[in-house]
Enquirer: 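I have a structure here, written as structure tokens, and I will follow up with some questions on it.
The figures that follow rest on heavy atoms only: side chains count, while hydrogens, waters and symmetry mates do not. Not measured: the values here are computed from a predicted model. Numbered from 1 within each chain, the chains take letters A, B, ... in sequence-line order.
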Amino acid sequence: MDSKYACMGVNNSKGNGLKRNQIMIDSIKVKKIKLNNEIASVAHTSKVEANGCNNTHVNDNMFDKESPQDLLEARRQLPVYMVKKRLLEEIKKNNTMILIGETGSGKTTQIPQLIHEQRIEGAGTIAITQPRRVAAITIALRVAAEMNTEVGSIVGYSVRFEDVTSPRTKVKYLTDGMLLREATLDPLLKKYSIIILDEAHERTVSTDVLFGIVKLAQKERNEEKMNPLKLIIMSATMDVDAFRKYFNNCPVIYLEGRTYPVTIYHSKMKQDDYQYAAVCTIFQLHATTPANHDFLVFLTGQEEIETVMYNIKQIAKEATGPPIRVCPLYAGLPAAKQLQVWRVVPPGTRKIILATNIAEASVTIPRIKCVIDTGVVKERTWCGSTGAERLMVRPCSQAAGWQRAGRAGRTAPGLAYRLYTAADFKARHYHHTPEIVRCPLASTLLLLIAAGAEPTTFPLIDAPPPDTVKASLLLLKELGAIDNDTNPKLTVLGKKMSMFPIDPKYSKILLSATEYSCLDEALSLVAVLSSQNLFHTPVYKRAEALTAKQKFLSPLGDHITLLNVFKAFCKAPLKKQWCRENYLNHKNLTYACEVRQQLLAICQKLNMNVSSCGQAYEQLLKCLLCGLFTNCAWLRGVGAGGRYVTAGGTAAGLHPSGSLHTVRPLPPALLYTELLQTNRCYMLTVSAIQPQWLHQVAPEYARRCRANR
DNA sequence: GAGCACTGC
């Protein structure tokens, strides 16, 4: 092996016949955990990878090939199946428990089935939450196949836009966000007798809030002598001490997983340029390893991936070794291009996948032999005082490092090259900071208040900064959703706002739209604003992409431009082709259409009149201001040197990618959707407004703004 | 005249 790398613990396989995963040998976490019940310690070298994987890429045919006998045999091979008797005893005995199961233990697919076979759930339903919709869907399909039943009957799933359950459903997989939505209608979650929160270590805002919801529901149902609620917290690896403390020292059970050993190499020296180090490592390995070894390289974003891809292609022309197929993989990539990653390459060709952390947990790529881990991740941070967002490249956590390395051991033993030193790795945080302490909280708080909780006393494992809570409550007060910001109660408007699965600023826009006779347009625009970027701009086709965008541009600003794109998409007969020609993201536009339908259904339920403002866009912009009035900026100075200042006093510029960037004279006042902090502070998705509109739309806020300015 | 990771309702 190249001397650039120091090898860590390669020969740690135990002599007792247990071929343990290299990742688990570094047994920090096993030692750290004080186990109440060490139930299972089963390891296998079976040729079949456990099917309990939580992050399967969608594949409709995946489950059809196996006969019921095959399925049963596969189930029996799973570590969790081997210890089912003791596990079930523990589940019956304890009302709350934490279950730590490594990848491949089968916990997600088997435990709900085992519980149901024993009818432990009684008259209620078993809910199993997942952070991602693909996971909820594919696991439900798998479990239905294993139980030899149709999905939607005994086994079902519920995700946004899709509810495949029936009154008969006893095992229900759903996204954590979906269960949270259900909690606003029924905070005691009465229809469930057992709730399993899976992938708890990911610490999404929804899971963190659900912890509190289910804890309170369990307590209250107990006190009111209602049907009891059993809780199981499941996770791969996690900060068990914090979780145990939170759940009153409940028992912890450890289940061993089943993955293949991955040998980890660390860089001996600190690397100053991880991109360069990645390219060097790729070609060193390329020259020395067989062509059928696929590489997976973790990078931080689209631009970086495109640059590295370009460099690889240039160097490959002169390098020795087999032919190379490079595949980019990031969320913003159109779906058709993403699929290249799963396509089989001709024999003798090496596949090199350049991915963001989408490949860390969200999708699984088979046959990866080598992982090259740059050790960095792009993370969104949010500045509460200015409201600006920032994307920063930072070192990833140890947990992420293990997760990335593990991607090489899914189907066979693998190798992982870390482009940072072992000392660097050890110095890192074990986990990343939970999302709830670093994001805006207005929508979460509105949901909590709607679910009858008190925001100030609600139990959370990690409390968000008090300033963030205060600012978010103030915003809800200003939007008219709550009556006061110390002991908040929902107003009539707030009750309606909480019914929409979108940012409260956006639901306020919709609820104001009837007044401006523009609900038709507002629905489209809010749907687009709630989706991801509609424009696809590859670095090397920037000019073409810009030209294509011209025909949608509106001099009024980005909001009307987005509306033009959306309207044109709805009319286009051949949507996929049309999107390709116009450098637009078909997936995100389709998603926006689905969101619009959902929002429309809620508006109809509220008896709102869907009228159109036609070309009278001033109406629409005033309506936008009803929800976004805290996002105004005013011109300071004149001419090209004109600068804008936000209500919070932050100096901000027009982003060059926006529709208003070249418009002169500069509008005296602007409405922006987001603030982005890079080298400078930029306003994103901006429209021009008349300064007096703010006084018409939000007089109280306008007065306070003026007083502060 | 710059550059946006990933989820979810």
Enquirer: Is there any salt bridge (Lys or Arg N to Asp or Glu O under 4.0 Å) pair reaching into residues 522-543 of chain A, and which pairs are they, with sequence neighbours excluded?
Expert: none
Enquirer: Specify the residue among Gln532(A) and His655(A) whose closest nucleotide of DNA chain B lies further upstream toward the 5′ end.
Expert: His655(A)
Enquirer: When the nearest nucleotide of DNA chain B is assigned to Gln598(A) and to Arg380(A) on a heavy-atom basis, which residue is associated with the more 5' position?
Expert: Arg380(A)
Enquirer: Can you tell me how far C1' of dT7(B) sits from CZ of Phe161(A), to the nearest Å?
Expert: 14 Å
Enquirer: Quickly work out the Arg133(A) CZ to dC6(B) P distance and round it to whole Å.
Expert: 17 Å
Enquirer: In whole angstroms, how far is the P atom of dC6(B) from the CH2 atom of Trp382(A)?
Expert: 22 Å
Enquirer: Looking only at side-chain N and O atoms, does Thr175(A) come under 4.0 Å of OP1 or OP2 in dC9(B)?
Expert: yes
Enquirer: OP1 or OP2 of dC6(B) sitting under 4.0 Å from any side-chain N/O of Thr356(A)?
Expert: yes
Enquirer: Rounded to the Å, how far apart are Arg390(A) CZ and dA5(B) P?
Expert: 15 Å
Enquirer: If I take atom CG in residue Asp558(A) and atom P in nucleotide dA2(B), what distance separates them, rounded to the nearest angstrom?
Expert: 17 Å
Enquirer: Quick one: side-chain hydrogen bond (donor to acceptor under 3.5 Å, both in side chains) partners of Glu594(A), sequence neighbours excluded?
Expert: none
Enquirer: Take atom CG of Asn588(A) and atom P of dC6(B), then tell me their distance rounded to the nearest Å.
Expert: 11 Å
Enquirer: Arg438(A) and Glu389(A): salt bridge (charged side-chain N to carboxylate O under 4.0 Å, His left out), yes or no, with the steps?
Expert: CA-CA 11 Å; Arg438(A) 54 181 168 91; Glu389(A) 290 177 307; over 6 Å; no
Enquirer: Measure the distance from CD on Glu202(A) to C1' on dG8(B) and round it to the nearest whole Å.
Expert: 12 Å
